[in-house]
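Report on one structure; see the data block that follows.
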Amino acid sequence: MRIAVLESPLDLGPVVGAVVGIDRGGLVTFTGLVRRKGRIPDVVRLEYEAYRTMAEKVLEQIADEIEREIGGARVAIHHRVGSLAVGEAAVVVAAAAPHRAEAFTACRAAIDRLKQRAPIWKKEIGESGAAWIEDCC
Amino acid sequence: MRIAVLESPLDLGPVVGAVVGIDRGGLVTFTGLVRRKGRIPDVVRLEYEAYRTMAEKVLEQIADEIEREIGGARVAIHHRVGSLAVGEAAVVVAAAAPHRAEAFTACRAAIDRLKQRAPIWKKEIGESGAAWIEDCC
Amino acid sequence: MRVTILYFANLRERRGAASDLLDLPPGGDVAMALATIAKLHPGIAAQLPHAQVAVNLALVAATTPLSDGDELALIPPVSGGAS
Amino acid sequence: MRVTILYFANLRERRGAASDLLDLPPGGDVAMALATIAKLHPGIAAQLPHAQVAVNLALVAATTPLSDGDELALIPPVSGGAS
């Protein structure tokens, strides 16, 4: 599955499996993990909410765009929703390409565009309060 | 194990496990895979040879350098030696950092420096001949 | 005509609901839907200008006409991924 | 004094061995070791100027003095990783 919005824990295996191939020698993955130190101190968990149908469509568009822009590249993106503890993965991206430079470029473009465009929101829940995080670092 | 030169198949799990932590929200990995299309046509396998003691020392130095240069980053590198079939991983690198930009920079720096400095060589074995590959793409 | 309005994140919390069914006169557009929502739910009126609008999963301008059965989603500033 | 010489990749293949033991006069340096190797093994003499030299795992210059028991490795241009 190249694109998915899932409630279950994420793993690199499926996104990697969706992009590898005998003509692609470079494989880059990105994993976004919930940090202890968020906008509020001592984050306990993050709640991710998605407009799921649109998020899947937008992630598909992002992967398609990048594959068109970067010859020979393949991109897969899985995003998690629901309640995540510190250390859990919120998103995994894999990009494979003939050589490593394009694989790095494709992976970076996928996560950057996801953050700008995917209708997904997160709320930090800490010991001293909660806050919707409006943009991301 | 942060640094290793191994004869057995590589996996992302151990390098990822060596770099993750609750203050590092961005995790980038690179995997270099044997391609069908090398310098010679129809590559069947690659033979990797290392000056193992020095390679381990150089990879350790590279990881140390990058961790010094990029605050909060952690880097792990495993390289395989021996005979690899098309599609097998020759090298896996993981870099984790507080945010994604530094994680991408650290991972890219690690594989670039490895290719420049690690005393590791590869020979392409194809249907029509064999060749030591002197530099890399 | 009737359109479905979807709320997410802080808009959903302030509205106290994930969706509404909104009746609009024929020929109504996105701007009219937003004005109607602001009137019915003054608690989110100040946030509406900060939201993008998607109709049937695609971002649209305020002048886009609506049709019966459309799904209009209010998209507050997004923040997927992690750090 | 005696130093160990290590050959890799195409140098190892052309030399037909992965290592040699080389006897040098006291006070010998890397340049002297290279000249001796070129004389003993003319088949790799042309390649030697393209190799870097490591003594005891660290890259060194040709003027570096050698000591008994040193490990001198000839490092042809490297190419780790994959594509």
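These numbers come from a predicted model, not from an experiment.
In this view, C:Asp68 satisfies the salt bridge (charged side-chain N to carboxylate O under 4.0 Å, His left out) rule with no residue, not counting sequence neighbours. In this structure A:Phe104 satisfies the ring pair (Phe, Tyr, Trp, His ring centres under 6.0 Å) test together with B:Phe30, sequence neighbours excluded. Residues that satisfy the side chain to side chain donor-acceptor pair (under 3.5 Å) test with C:Asp20, not counting sequence neighbours, are C:Tyr7, C:Arg15, C:His41.
Across every non-hydrogen atom of C:Val78 and A:Pro119, the tightest pair is CG1-CA, 3.8 Å.
Within the model, atoms CH2 of A:Trp121 and CZ of C:Arg12 stand 9.5 Å from one another, a figure rounded to the nearest 0.5 Å. Atom CD in A:Glu49 sits 7.5 Å away from atom CD in C:Glu13 (nearest 0.5 Å). For the atom pair OH of A:Tyr51 and CG of C:Leu6, the computed distance is 5.0 Å after rounding to the nearest 0.5 Å.
For chain C, the nearby part of A:Arg117 is the backbone; its heavy atoms alone come within less than 4.5 Å. For A:Glu47, no part lies under 4.5 angstrom from a heavy atom of chain C. Of the atoms belonging to A:Ala50, it is backbone heavy atoms, and not side-chain ones, that fall under 4.5 Å from chain C.
Within residues 52-60 of chain A, the residues having any heavy atom less than 4.5 Å from a heavy atom of chain C are, in residue-number order, A:Thr53, A:Met54, A:Lys57.
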